[in-house]
There are 2 protein chains.
Amino acid sequence: MKLSTRSRYGLRAMIFIARNREQVLSSDVIAENEDVSKKYLDRILMRLREANLLRSVKGQGGGYVLARPAGEIRTDEIIAALEGSLCLVECVDDPSACEKSGDCRTRRVWSRLAVAVKASLRAISLEDLAHGEDA
Amino acid sequence: MKLSTRSRYGLRAMIFIARNREQVLSSDVIAENEDVSKKYLDRILMRLREANLLRSVKGQGGGYVLARPAGEIRTDEIIAALEGSLCLVECVDDPSACEKSGDCRTRRVWSRLAVAVKASLRAISLEDLAHGEDA
DNA sequence: GCATAATATACCATTATGGTAGATTTAATG
DNA sequence: CATTAAATCTACCATAATGGTATATTATGC
């Protein structure tokens, strides 16, 4: 139940981009600033673009900008995009994933957990992270 | 950020044991009931014993019983024992795990998440799961 | 001493993670 | 139009974690 580096690097990158609002930032610049390999970051940024959280601009002077205002992007979207899904256990979203889900007593644990995780992340916007008080 | 089968099988096993209160249940019986390979379950039960959630009885007629009353065992303990720890990101418990943790804006996300996960699991006791209403 | 059951140790296949490499496309700019 | 900077695409790879098996050993009741 560890969070991947993808999520950690990706969220950091999103915050960095949000803090440089109007500028188009190349993956090169972001990678240098965040101290991550550019090649690896490339793939992370692509995921974020595919999830419509970033817009990309090709060619010289190109790079990435937020697809929407930071205030409208919530952390749950970002992590879901990077992890593939926020879902911790299949059967919560898809009861047919386990033939026992009908009378499964553990399922309610996973359901409650899913709600708690989602709510916790949803409560924080990218704007909060980029421009809120530090520490 | 997927939950391992260890946690899923392990929690199911704990519930089964709790529902058969006074009886000493062999891993054989539990495995059959829960439809999991005995060998794999053995290792899961060992983890739960090492975490002092189960007591084991060796030899013929032996098996496992709860180490404490079900009402005193909370789900967060069980999952922590099975996952190794509930911690999603190192730096939350151990700031020195990341040299950026001093002024890291993502850290507060992970901290809040950790609190939410723990609280959500702690709110449910094994007794609730074993004898609460179904579905 | 035999059957049963936990325990210990070692092993293994598959998948996910965390990356790297190289070629290709796109667009700005001189 | 050639150059260059940038995203994008595809393929690859090493390592670790997951999920599980096999085998031998130890303890206990009968």
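What's counted below: heavy atoms across the whole structure, side chains too, no hydrogens, waters or symmetry copies.
- Contact check, A:Ser56 against D:dT8: a side-chain N or O comes under 4.0 Å of OP1 or OP2.
- Near DNA chain C, defined here as any heavy-atom distance below 4.0 Å, the residues from residues 21-33 of chain B are B:Ser26, B:Ser27, listed numerically.
- Taking atom CZ of A:Arg47 as the reference point, atom P of C:dG18 lies 11 Å away to the nearest angstrom.
- Contact between A:Ala13 and A:Ile30 at its shortest, heavy atoms only, is CB-CG2, 3.9 Å.
- The nearest whole Å value for the distance from the CG atom in A:Asp35 to the P atom in C:dG19 is 12 Å.
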For nucleotides 20-30 of chain D, read 5' to 3', which letter fits each nucleotide if B means a protein heavy atom sits under 4.0 Å from the base, S means only the sugar-phosphate is that close, and - means neither? BBBB--BBBB-
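- Between A:Leu3 and A:Arg8, the closest heavy-atom pair is CD2-CG, 4.3 Å.
- If you measure from atom OH of A:Tyr64 to atom P of C:dT26, you get 15 Å, rounded to the nearest angstrom.
- Computed from coordinates, the A:Arg49 CZ to D:dA7 P distance equals 11 Å when rounded to whole Å.
- Annotation: A:Glu83, atom CD; neighbour count of heavy atoms from other residues, nucleotides and ligands within 6.0 Å is above 12.
- Across all non-hydrogen atoms, the minimal contact from B:Ile78 to B:Leu53 is CA-CD1, 3.8 Å.
- Map A:Val57 and A:Leu3 each onto its nearest nucleotide of DNA chain C; the residue landing nearer the 5' end is A:Leu3.
- Straight-line distance from the CD1 atom of A:Ile44 to the P atom of C:dG19: 8 Å, rounded to whole Å.
- Here the closest non-hydrogen pair linking B:Ser27 and B:Leu45 is CB-CD1, 3.6 Å.
- Between the CG atom of A:Leu41 and the C1' atom of D:dA6 there is a distance of 14 Å, rounded to whole Å.
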Between B:Arg21 and B:Glu127, does the salt bridge (Lys or Arg N to Asp or Glu O under 4.0 Å) criterion hold? Intermediate values first, please. CA-CA 11 Å; B:Arg21 252 189 248 283; B:Glu127 178 68 23; 3.7 Å; yes
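- With the nearest nucleotide of DNA chain D identified for both A:Asp42 and B:Glu83, A:Asp42 has the one nearer the 5' end.
- Between the CE atom of A:Met46 and the C1' atom of C:dG18 there is a distance of 16 Å, given to the nearest Å.
- Around atom NZ of B:Lys2, more than 12 heavy atoms belonging to other residues, nucleotides or ligands sit under 6.0 Å away.
- Salt-bridge annotation for A:Lys100 and B:Glu34: absent, with no side-chain N of the basic residue lying under 4.0 Å from a carboxylate O of the acidic one.
- Spacing between atom CG of B:Leu82 and atom P of D:dT18 amounts to 12 Å, rounded to whole angstrom units.
- Heavy-atom neighbours of B:Glu90 CD from other residues, nucleotides or ligands within 6.0 Å: at or below the threshold of 12.
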